[in-house]
Peer 1: 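Sharing a structure with you now.
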Amino acid sequence: MAEQDLVLEVRHVSGGYAEGGLLARKKGFHEVIHDVDFVVQHGEILGLVGESGTGKTTLTRMILGLLKPSSGEIVHYTKRPQIVFQDPYSSLNPAYTAEWAVEEPLRIYGKYDAKERKRRVHEMLERVELPRDCWDSKPDELSGGQRQRVCIATALIQRPRFIIADEPVSALDVTIQAQILKLLRQLRDDLDLSYLFISHDLNVVYQLCDRVLVMKQGRIVEQGPVEEVYDHPREEYTKRLLEAGL
Amino acid sequence: MKKRLNSYLTVGLIITGLMLLITVIGTFWTPYVPTAMKYGRFQPPSWAHLFGTDNFGRDIFSRVLKGTGTTLAIALSTVSIGAVIGTLIGAVTGYFGGIVDDVLMRLNDALTAFPSFLLALLVVSLVGPGKKYSVVIALGLVFIPSFARVMRTEFAALRNRNYVTGARLMGASSGRILFVHLLPNTVRVLLPAFTIGFNNAVLAEASMSFLGIGVTPPDASLGYMLSEAQSMLKAGPWYALCTGLTIVLLVFGVGLIGEGLQAQEREVD
């Protein structure tokens, strides 16, 4: 596989958290991720499934650069990835409007004047189909689905090529879920994106993803195209997950 | 989110508004010259002298008008010092945590452990008594720890919100996260703390002046006047009464605002 077809390479990564505070006598290390190895290909939606507590979030933090792996290597072939969080309630700043939130990455980037920023923000808000009368609303005036649209717009405004979506629809109603999933697929096609889509909902992963990784206790136990893994799971763990989820 | 004014807030705002109006008027105009001693000693309240006159024959109403301004100015600048420095300390310790937090908060504890009055006395004697700003510095210092602690808790609670992580991923600087992303979300705690601090400052200034280490004549703050009034309780009880009631009204109004803000916050939650 040529390297330009990859957006992310995770090479035998292990890592976790240090235990014990400033005055603790023994400093421990709690390893959460063990020898994880996978790639994200250009344009694909890669699902990451597993029960809660298997280290999905820890892995995400390492990919985002918020946590250093203790061994192994994470190679990005694109700009820094952006993230869409599960809980659209705490991922938007309650003090500011939707428009402000989407503009903030551009203000920080600092290369565009106010007029250009507004133009880009409005274009993006239209792209994620946020109703125009919500643009000037603060998060607590928005519904869960609208908030998630704002989060997606905020993640996309810097034009990243790779998005990590950490359970982006699990806090939403089923009908809203379907709309957001459709939007994510649409955006992938329009903006040439790749996703790492984390979820514990196997139905959602089946609907959206091209390939899937199954994670158990910090290890990838199975990976492959979604149909293959779902129809012919090799691991006992995957079978159990599928039985529980479907 | 539409916020409805509750009754605490309404009454508090009215009283405080009136007090502010009085202060503004007092700065530009008083019915008599506040320092002139020519209106007859110990005149009881009358239409000519609303609050009566004191032992030197000065018009007390005029002096209260002026004194309220002095008290307000001292209290406001005191709390502002406490709030600004306290917020800075709280923001840094709460957001970054770690060793900075440990060191600064232990210092903060030490400052809290000191009786605030002794601390204020110490600062006044260091800066030199008799200057108006020495009271402000002394009391301002005393107010830092409580603000620092409240704000630290708030910043520590907010720092793990997803929007903070999001801002970090966008490449926002720590300063921007602290003051643009987080500070506006601490206002709901900062405002009530400010009103409580303001009241404490009014009372603290009054007690400092009462002890004779606050403002010096010919300046007069309400606290200073109250200490003067003490020696003539028998001959002119209206002096103590009118000055005292003014302090009570000032504190009561701002206290109601603080109470109202907190009640409103509970409603929203």
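Letters A, B, ... mirror the listed sequences (proteins, then strands); counts begin at 1. We use all heavy atoms of the structure for the numbers below, so side chains are in, but hydrogens, waters and symmetry mates are not.
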Peer 1: So do A:Thr154 and B:Met170 actually touch side chain to side chain, heavy atoms under 4.5 Å?
Peer 2: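 A side-chain contact exists here, since the closest heavy-atom pair is under 4.5 Å.
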Peer 1: Against chain A, label B:Arg176 side chain, backbone, both or neither, depending on which of its atoms sit under 4.5 Å from a heavy atom there.
Peer 2: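 Only the side chain of B:Arg176 comes within 4.5 Å of chain A.
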Peer 1: Please state whether the side chain, the backbone, both or neither of A:Arg61 comes within less than 4.5 Å of a heavy atom of chain B.
Peer 2: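 For A:Arg61, there is no contact with chain B at all, as no heavy atom is under 4.5 Å.
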Peer 1: Taking atom CZ as the centre, does A:Phe38 end up with more than 12 heavy-atom neighbours from other residues, nucleotides or ligands that are less than 6.0 angstrom away?
Peer 2: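 Yes, the 6.0 Å shell around CZ holds more than 12 heavy atoms from other groups.
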Peer 1: Which atoms of A:Leu92 come close to chain B, meaning under 4.5 Å heavy atom to heavy atom: side chain ones, backbone ones, both, or neither?
Peer 2: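 Backbone only.
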Peer 1: Decide yes or no on side chain to side chain contact (heavy atoms under 4.5 Å, CB included) for A:Gln86 and B:Asn162, but give the supporting numbers first.
Peer 2: CA-CA 9 Å; A:Gln86 167 178 19; B:Asn162 283 339; over 6 Å; no
Peer 1: Counting only non-hydrogen atoms closer than 4.5 Å, does A:Leu66 touch chain B with its backbone (N, CA, C, O), its side chain (CB onward), both, or neither?
Peer 2: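 Looking at A:Leu66, just its side chain touches chain B.
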Peer 1: Could you report the tightest heavy-atom contact between A:Pro94 and B:Tyr163, atom names first, then the distance?
Peer 2: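 That closest heavy-atom pairing would be CD-CE2, 3.5 Å.
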Peer 1: For A:Tyr109, look at atom OH and say whether over 12 heavy atoms of other residues, nucleotides or ligands are found less than 6.0 Å away.
Peer 2: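 Open.
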Peer 1: For B:Val180, is it the side chain, the backbone, both or neither that has a heavy atom under 4.5 Å from a heavy atom of chain A?
Peer 2: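 Both backbone and side chain of B:Val180 come within 4.5 Å of chain A.
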Peer 1: Check whether A:Ser137 gets within reach of chain B through its side chain, its backbone, both or neither, counting any heavy atom under 4.5 Å.
Peer 2: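 For A:Ser137, neither part sits under 4.5 Å from chain B.
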Peer 1: Can you tell me if OH on A:Tyr17 sees more than 12 non-hydrogen neighbours from other groups inside 6.0 Å?
Peer 2: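 Enclosed: over 12 neighbouring heavy atoms sit under 6.0 Å from OH of A:Tyr17.
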Peer 1: Between atom CD1 of A:Ile83 and atom CG of B:Leu169, what is the distance when rounded to the nearest 0.5 Å?
Peer 2: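 Rounded to the nearest 0.5 Å, the CD1-CG separation comes to 7.0 Å.
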Peer 1: For chain A, which of B:Ser173, B:Ala172, B:Ala167 has the most heavy-atom pairs under 4.5 Å?
Peer 2: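 The residue among B:Ser173, B:Ala172, B:Ala167 with the greatest pair count is B:Ala172.
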Peer 1: Please classify the contact of A:Tyr96 with chain B as side chain, backbone, both or neither, using a heavy-atom distance under 4.5 Å.
Peer 2: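 The side chain, not the backbone.
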Peer 1: With rounding to the nearest 0.5 angstrom, report the CD1 to CZ distance, A:Ile108 to B:Arg168.
Peer 2: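 With rounding to 0.5 Å, CD1 (A:Ile108) is 12.5 Å from CZ (B:Arg168).
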